[in-house]
Amino acid sequence: MKHTTLLLVGHGSRNRAGNAEIQDFATAWRARHPDWRIDVCFIEHAEILVPAGLDLAAAGSRRVIVLPFILNAAGHVKMELPAAIAAARQRHPAVEFVCTRHLGMGREILAVLQAQLDHLMQSLAMPDPQTTGVIPLGRGSSDAGANGELARMSRWLFEDNHHELVDLAFTSVTWPRLETVVQRQLRLGMGQICIVPVYLFTGVLMERIQAQVARLRSQHPQAAFALGSHFGFDKGVFDLLDTRATEAGKAEGGLLECDGCKYRQAAEAEHLHDHSHTGCDHHHHDHHAGHAHA
């Protein structure tokens, strides 16, 4: 990793505690690899956004490895990040920029979610899984591929456990929403429901989920609800990033899903957004609701 900078790219949240948690994660990751140079930037709602983060990472480096610290790939990962990296390559022609794939919804994250589900079942005193519904709860996106990643994860949870119902729900943008899925599972005879948020860190949406579950508990006192939490500090997440970073030099590891794609380039005019106004000292609005940013 000599002369190499690892640039961890978080989404960014209006809730400053969420951004602080990503900074804390980076501190813990540096302690795990004291010889690595690890920088942090954010896509929006933070002081150091991606263009500035790329410039800072390039300073004094021969190689920058960009790691999208995001679970599901939608517009930010598929279009905006490749475009920002292409511009950075123009600004820093002597520096090699390599971008790994986003964290994704593979077996590593499945193991993290399974541990969350096991903990929730223990909190409910290990009820019968046949009468205990499971709801993986994602952010939601207008990108069908991003939603499909979470749908696959839900199916894997169903295959690996004995629950009668494992039903996906989303917090925003797409459907079904949490309340609808809870009502469906209760109608089908579930006496307990485990809600597994698929979120790395806290933020506005995690606060919304907690409020929704408090309301559901009051509306359905006959049912028991167990709510999980975000899981960004799980050892499995550190291990997955270690793998992404160390394999970045391999031929198959250096491109984003849409890096260099002619269809992405053709769509940039419609989909790319300027996030400079979402720096922490500026007012902002929710123009990006169609994207997933877990």
Side-chain angles (χ1 to χ4, degrees), residues 1 3-13 19 22-23 26 36-104 141-143 145-146 241 244-245 247-282 284-294:
M1 291 294 179
H3 304 299
T4 295
T5 299
L6 301 174
L7 182 60
L8 200 62
V9 181
H11 176 265
S13 173
N19 293 349
I22 294 181
Q23 295 286 2
W36 291 7
R37 176 184 166 186
I38 299 171
D39 288 358
V40 179
C41 70
F42 297 87
I43 291 171
E44 57 186 354
H45 306 310
E47 183 176 353
I48 300 178
L49 302 181
V50 172
L54 289 166
D55 290 341
L56 291 170
S61 299
R62 296 177 186 170
R63 193 165 185 250
V64 174
I65 297 175
V66 181
L67 298 114
F69 200 19
I70 292 174
L71 288 170
N72 299 113
H76 290 316
V77 173
K78 291 180 177 179
M79 295 187 187
E80 294 170 24
L81 196 52
I85 292 171
R89 287 172 178 146
Q90 294 294 318
R91 294 194 301 273
H92 306 280
V95 178
E96 177 189 8
F97 289 87
V98 176
C99 191
T100 73
R101 294 182 63 82
H102 62 293
L103 291 184
S141 171
S142 57
D143 185 300
L241 274 178
R244 288 281 193 272
E247 291 185 349
K250 296 182 180 180
E252 68 273 16
L255 289 178
L256 284 169
E257 185 173 329
C258 295
D259 196 6
C261 170
K262 64 180 181 180
Y263 300 106
R264 172 186 67 79
Q265 295 164 1
E268 282 183 353
E270 179 180 355
H271 292 283
L272 286 183
H273 300 295
D274 176 13
H275 292 292
S276 60
H277 68 289
T278 66
C280 63
D281 295 327
H282 298 275
H284 38 260
H285 59 279
D286 192 8
H287 67 239
H288 60 278
H291 299 311
H293 14 267

How about Leu81 and Cys99: do any of their side-chain heavy atoms sit closer than 4.5 Å?
yes

Approximate separation, where rounding is to 0.5 Å, of Leu49 CG and Leu54 CG:
11.0 Å

Under 4.5 Å between any side-chain heavy atoms of His11 and Glu44, yes or no?
yes

Spatial distance of atom CD (Gln90) from atom CZ (Phe97) [nearest 0.5 Å]
10.5 Å

Got Met1 and Arg37 here, is their nearest side-chain heavy-atom distance under 4.5 Å?
no

Is there a donor-acceptor pair closer than 3.5 Å between any side-chain N or O of Arg244 and the backbone N or O of His102?
yes

Side chains of Phe69 and Leu241: does their closest heavy-atom pair fall under 4.5 Å?
yes

Smallest separation among heavy atoms of Ile65 and Ala245, with atom names
CD1-O, 4.0 Å

Take atom CZ of Arg91 as the centre, draw a 6.0 Å sphere, and report whether it contains more than 12 heavy atoms from other residues, nucleotides or ligands.
yes

Can you spot which of Leu6, Val66, Leu67 makes a side chain to side chain contact (heavy atoms under 4.5 Å, CB included) with Thr100?
Leu67

Ignoring hydrogens, what is the shortest heavy-atom contact between Pro68 and Val77? Give both atom names and the distance.
CB-CG2, 4.5 Å

Say whether, by atom type as modelled, one donor and one acceptor occur between the side chain of Asn19 and the main chain of His45 under 3.5 angstrom.
yes

About how many Å separate CZ of Arg62 and OG1 of Thr4, when rounded to the nearest 0.5 Å?
9.0 Å

Closest approach of Leu8 and Ala26, non-hydrogen atoms and distance?
CD2-CB, 4.4 Å

Please determine which of Ile85, Val98, Asp55, Leu7 meets the side chain to side chain contact (heavy atoms under 4.5 Å, CB included) test together with Val64.
Leu7

Looking at side-chain heavy atoms only, is the closest gap between Ile43 and Ile70 below 4.5 Å?
yes

